[in-house]
Every structure is written in structure tokens, then in C-alpha cells.
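Step one of this worksheet: look at the structure below.
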Amino acid sequence: QVQLVESGGGSVQAGGSLRLTCAAFGYIPRSYYMGWFRQAPGKEREGVAYIYAGFDSTYYADSVKGRFTISQDNAKNTVYLQLNSLKPEDTAMYYCAADPAFKFNGESWLTAGPSDSSYWGRGTQVTVSS
């Protein structure tokens, strides 16, 4: 059984930075997408960024491109999300997730959303004040 545990959230002022960490306990194959979704109160869940180790590729939502960076440390079974130039609209609960890539046939995981085979963490809160 896989368990994902997020950490690193907090409260910062606009323009600040945070680094989120997702530690995976249990084996996640390189054929899985791993990444981050977020959800603000009263809003739908939004895909933020993901990494596909099998192709050494990263993908970002337009709203965070150029400000957020996703990376992975395979030795530590950990995925990171560096959040720079934070804006109040980035305020949300951030969730780490993992999903088998073959379920998406090349479609973006950010738009398709997680499958029923996905693993999820409990989330870490990011709050950005103006």
C-alpha cells in the first residue's frame, strides 16, 4: 500500500516562496505520474504540476508556469514543488497524488484529473496574504 505525505505548507506574503515536499512510502513505479493538485474553498480542484519520471518530463498549469517548479528525488522517493512569486490566488490546500500514466493515453493529467487508481496525500495548506 502506498502512502503519500505532504509537508512544507505555510503562510507567506505575496511574492514569497515555499517548498512543498511529498514523501512516498511504498513503491511507486517510474511509469506513474506524480504531482500536485490544489483546491481553494468554494472552488474546483485544479491540477498544478506533475512529473513523469518515465519520460523525464514535467508539466505545469498555465497559472503557475514560470513560478512553480516540480522536481523528484528518486533515491528518496520524494517529489518537491518549489513555489516562487506567490500570489494570493495561490492560496489553497495542496495535495500530492500519484497515478499510472497508461490510464491517460497521453492526455494531460492536469486536465483529465486523477483516475480511480490514484493515490492521494492529506494535503498541506498554503496561504498567501496580500
Side-chain angles (χ1 to χ4, degrees):
Q1 184 68 15
V2 171
Q3 185 180 11
L4 303 177
V5 179
E6 304 97 333
S7 61
S11 297
V12 298
Q13 290 190 329
S17 298
L18 288 170
R19 189 174 83 153
L20 307 184
T21 298
C22 172
F25 297 91
Y27 176 65
I28 296 181
R30 290 175 59 85
S31 58
Y32 271 55
Y33 294 150
M34 285 198 70
W36 297 86
F37 290 76
R38 67 186 181 186
Q39 188 164 22
K43 295 188 177 181
E44 292 189 357
R45 183 180 59 203
E46 176 188 18
V48 177
Y50 68 102
I51 191 165
Y52 183 27
F55 284 174
D56 195 25
S57 300
T58 56
Y59 306 86
Y60 297 92
D62 288 343
S63 59
V64 307
K65 204 171 292 183
R67 300 188 298 121
F68 292 7
T69 303
I70 190 169
S71 60
Q72 187 172 28
D73 185 333
N74 290 319
K76 295 182 179 179
N77 224 17
T78 300
V79 173
Y80 305 97
L81 186 67
Q82 179 68 41
L83 289 64
N84 295 330
S85 302
L86 281 161
K87 304 176 181 180
E89 52 263 43
D90 294 319
T91 295
M93 184 72 79
Y94 284 69
Y95 298 92
C96 179
D99 221 336
F102 78 90
K103 286 186 169 284
F104 299 91
N105 292 318
E107 182 182 3
S108 169
W109 192 37
L110 299 179
T111 52
S115 75
D116 55 7
S117 300
S118 59
Y119 298 106
W120 286 88
R122 292 189 174 185
T124 185
Q125 178 68 38
V126 171
T127 302
V128 185
S129 58
S130 57

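Hydrogens, waters and symmetry mates play no part in the numbers below; they use all other heavy atoms, side chains included. What you are looking at is a predicted structure, and each value in this text was computed from that prediction instead of being measured.
- Side chains of Ser63 and Glu46: a donor on one and an acceptor on the other come within 3.5 Å.
- Side chain of Thr91 to backbone of Val128: a donor-acceptor contact under 3.5 angstrom is found.
- Taking 4.5 Å as the limit, every side-chain heavy atom of Ile28 sits out of range of all side-chain heavy atoms of Tyr33.
- Taking 4.5 Å as the limit, every side-chain heavy atom of Tyr27 sits out of range of all side-chain heavy atoms of Asn77.
- A salt bridge is defined here as a Lys NZ or Arg NE, NH1 or NH2 lying under 4.0 Å from an Asp or Glu carboxylate O, and Asp90 with Lys87 fails to meet this definition.
- Side chains of Gln72 and Tyr80 form no contact here, defined as non-hydrogen atoms less than 4.5 Å apart.
- A donor-acceptor pair under 3.5 Å is formed between the side chain of Ser57 and the backbone N or O of Phe55.
- Judged purely by atom type and a 3.5 angstrom limit, Glu6 uses its side chain to pair as donor or acceptor with the backbone of Cys96.
- Although no hydrogens or angles enter the test, the distance criterion places no donor-acceptor pair under 3.5 Å between the side chain of Arg38 and the main chain of Met93.
- Side-chain polar atoms of Asp73 and Thr78 form no donor-acceptor pair below 3.5 angstrom.
- The shortest non-hydrogen separation linking Arg30 to Ala53 is NH2-O, 2.8 Å.
- For Arg45, the CZ atom sits in a packed shell: over 12 heavy atoms of surrounding residues, nucleotides or ligands are nearer than 6.0 Å.
- You'll find the ring centres of Phe37 and Trp109 inside the 6.0 Å limit.
- No close placement of the Tyr94 and Trp36 rings is indicated, their centers lying 6.0 Å or farther apart.
- Between Tyr59 and Tyr50, the ring centre distance stays below 6.0 Å.
- Heavy atoms of other residues, nucleotides or ligands lying less than 6.0 angstrom from CG of Asp56 number 12 at most.
- Although no hydrogens or angles enter the test, the distance criterion places no donor-acceptor pair under 3.5 Å between the side chain of Asn84 and the main chain of Phe68.
- Glu107 places no side-chain N or O within 3.5 Å of a backbone atom of Thr111 that could act as its donor or acceptor partner.
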